[in-house]
Amino acid sequence: MLDTKFIRENTERVIQNSHAKHTQPDIHGFVKMDERRRAIIQEAQDLKATRNNVSDEIARLKKAKENADALIAEMKTVSDTIKQLDEELRGVEEQMEHIALYVPNVSHESVPHGKDASGNIEIRRKDGVNTCEGERGFRKDHATLAKDLGIVDFERGAKISGSGFPLYTGKGARLERALLNFMLDRHTAENGYTEVFVPFLVNAASMRGTGQLPKFADDMYTCTDDELYLIPTAEVPVTNIYRDDILAGADLPIKHCAYSACFRREAGSYGKDTRGFLRLHQFNKIEMVKFVRPEDSYSELETLVRDAEGILEVLGIPYRTILLCDGDTGFSSAKTYDLEVWSPAEQKWLEVSSCSNFEDFQARRANIRFRAEHGAKPEFVHTLNGSGLATPRLMVALLEHYQTEDGRIHIPEPLRSYCGFEWIG
RNA sequence: GGAGAGGUGCCAGAGUGGUCGAAUGGGCUCGCCUGGAAAGCGAGUGUACCGGUAACGGUACCAAGAGUUCGAAUCUCUUCUUCUCCGCCA
């Protein structure tokens, strides 16, 4: 959510930015309502001041056993007017919030302008140490490998829950767990993140805090009886750890990483990239979240990206890092880098991580603040998060790149101690 | 799930219709004292919004929401939540 004052003072910029992000919120209407809002507040406040003063007078009269009936009658009408004004104010603020919640975050000046993914800019590319293209020759795609090796049972997953809910079996289950543990250990031991283990179901206030609600309600699984939502990413519970808190400046930056299962309905994307692991309703992910001082957020974004890239480098998987153009950047983000791994079978880059600086957009929504120093006025923190990483597409790349000519998988060295085996098949 | 008791400022804790943005104690900050420190003494110590260049003024907030009243931390209702006991359970 943007600051009302910011919208008021930068109306044209906010409108242009909204258009660039393919939204058309009624900014002019918002500004007009804000004017009305302030007028109401002013009027109601003055009346309340009168009421407070006269109420004191009434108390004094009553104490002195004098008659206060005239004043009481007068205040009755004042109170009625106040009630009307408060009601109108509530209505106006509701309308304003309805608009404000749909105004996307303003892109950082370093973000290129573009319509869609074609406007993104590749900023880094690393070849894998073990790419199976070229002389080694790619043989099977990940789904075939998984099936032939008996490490994922898509059919039974579908029987249990539906398509998009894979059942990992045997060494597949162990490899999945190994990847997650490997990534968590790296982020905690080497990158300075503090691990947390979070609830996977959250309430509406948390979903609103990180921006999933109200805009993306259709993408979430809900437990209607209990008004709970299955998290689409650990970003939601981790960011909401500090909702409504005022943090000490000395504690910043706060860096958390968390494992979670992620649940996404993926409504509207049926049949698109749904083969095997490419798009799932439930998957596992390690998430990194940072709470930082505003002046540090862009350098923290760079290290966040490097932390995510480090995983791929250690695993020797070819990847590239792209800077998203404004038209492809998410609603809440001011600047986003995506990490993509290469799938030789798909002949495509697959997104495995998205690292964003939200500046104070989420912090304002979730009301997460800090004091720069003792006694200073609270300011909003900047929040950042990035996957580090999501496993399904990582698994795709890993299987395809590390397959041998005879159809086995040679586990990359850093994972072996986690797996307890060197070969699958 | 059943029964009971609570939710007040950074923390503890008083306050049952007007004199309460809120006693008192602790913490913290600054100052005095000291060779330095402790103790002691003194002062200060919430957030948001509206108006104002500012100083400042006003309004709101005692879990959240609704209500009663001229006036609510205080009375009523609803919700959330914490604790204790019982039941169930990995």
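Protein chains get the first letters and strands the later ones, always in sequence-line order, with residue 1 at the start of each. What you see below is based on every heavy atom in this structure, not just the backbone, and it leaves out hydrogens, waters and symmetry mates.
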Original post:
Choosing from B/G18, B/G46, B/G58, which nucleotide comes nearest the side chain of A/Arg371?
Top reply: B/G46
Original post:
So what does A/Ile41 hit on the nucleic acid, given a heavy-atom distance under 4.0 Å: a base, only sugar-phosphate, or nothing?
Top reply: sugar-phosphate
Original post:
B/C50, B/C70, B/U47: which one has an atom nearest the side-chain heavy atoms of A/Arg37?
Top reply: B/C50
Original post:
Out of B/U47, B/C70, B/C49, which has the shortest distance to the side chain of A/Gln45?
Top reply: B/C49
Subject >> Donor-acceptor pair between A/His19 and A/Gln24 side chains, under 3.5 angstrom >> reply: yes
Original post:
Minimum heavy-atom separation for A/Thr336 to A/Ser354, with atom names?
Top reply: CG2-OG, 3.4 Å
Subject >> Spacing of the P atoms in B/G44 and B/U24 (rounded, Å) >> reply: 12 Å
**OP:** Verify whether one side chain among A/Asn203 and A/Ser206 offers a donor that lies under 3.5 Å from an acceptor in the other.
**Re:** yes
Original post:
Considering only side-chain heavy atoms of A/Ser55, which listed nucleotide, B/U47, B/G71, B/A48, is closest?
Top reply: B/G71
Original post:
Can you tell me if the side-chain N/O atoms of A/Ser79 get under 4.0 Å from OP1 or OP2 in B/G71?
Top reply: yes
Original post:
Under 4.0 Å: is that the gap between some side-chain N or O of A/Asn52 and OP1 or OP2 of B/G71?
Top reply: no
Original post:
Atom CZ of A/Arg90 and atom C1' of B/C49: how far apart are they, to the nearest Å?
Top reply: 16 Å
**OP:** Return the value, rounded to whole Å, for the distance between atom CG of A/Asn203 and atom C1' of B/C80.
**Re:** 10 Å
**OP:** Could you check A/Asn53 against A/Lys63 and say which one's nearest nucleotide on RNA chain B is further toward the 5' end?
**Re:** A/Lys63
Subject >> Separation between the P atoms of B/C30 and B/A38, rounded to whole Å >> reply: 12 Å
Subject >> Sugar-phosphate only, base, or nothing, as touched by A/Lys377 at under 4.0 Å among non-hydrogen atoms >> reply: sugar-phosphate
Subject >> Nucleotide B/C49, atom P - distance to CG of A/Asp86 in whole Å >> reply: 18 Å
Original post:
CG of A/Asp56 versus C1' of B/A72: gap in Å, rounded?
Top reply: 14 Å
Original post:
Please give, in whole Å, the distance from B/G17 P to A/Arg60 CZ?
Top reply: 21 Å
Original post:
Hey, which of A/Gln362, A/Glu235, A/Lys290, A/Glu359 is the one that makes side-chain hydrogen bond (donor to acceptor under 3.5 Å, both in side chains) with A/Thr383?
Top reply: A/Gln362
Original post:
What about A/Phe361 and A/Phe331, are their ring centers closer than 6.0 Å?
Top reply: yes
Original post:
What does A/Asp46 touch in the nucleic acid at a heavy-atom separation under 4.0 angstrom: a base, only the sugar-phosphate, or nothing?
Top reply: nothing
Original post:
How many Å lie between CG on A/Asp245 and P on B/G46, as a whole number?
Top reply: 19 Å
Original post:
Which sits closer to the 5' end of RNA chain B, A/Ile72 or A/Thr50, going by the nucleotide each is nearest to?
Top reply: A/Thr50
Original post:
Roughly, in whole Å, what's the span from NZ in A/Lys48 to C1' in B/G51?
Top reply: 15 Å
**OP:** Counting Watson-Crick and G-U wobble pairs whose two distances are both under 3.5 Å, find the runs of 3 or more in a row that involve RNA chain B.
**Re:** B:1-7 with B:80-86, B:10-12 with B:24-26, B:27-32 with B:40-45, B:46-51 with B:56-61, B:63-67 with B:75-79
**OP:** Scan side-chain atoms only and decide if A/Glu287 and A/Ser260 contain a donor-acceptor pair under the 3.5 Å cut-off.
**Re:** no
**OP:** Look at the side chain of A/Gln42 and the base of B/G51, then say whether one donor and one acceptor between them are separated by less than 3.5 Å.
**Re:** no
Original post:
Under 30°, 30 to 60°, or over 60°: which ring-plane class applies to A/Tyr221 and A/Phe263, parallel, tilted or perpendicular?
Top reply: perpendicular
Subject >> Rounded distance in Å between the C1' positions of B/U81 and B/U69 >> reply: 29 Å
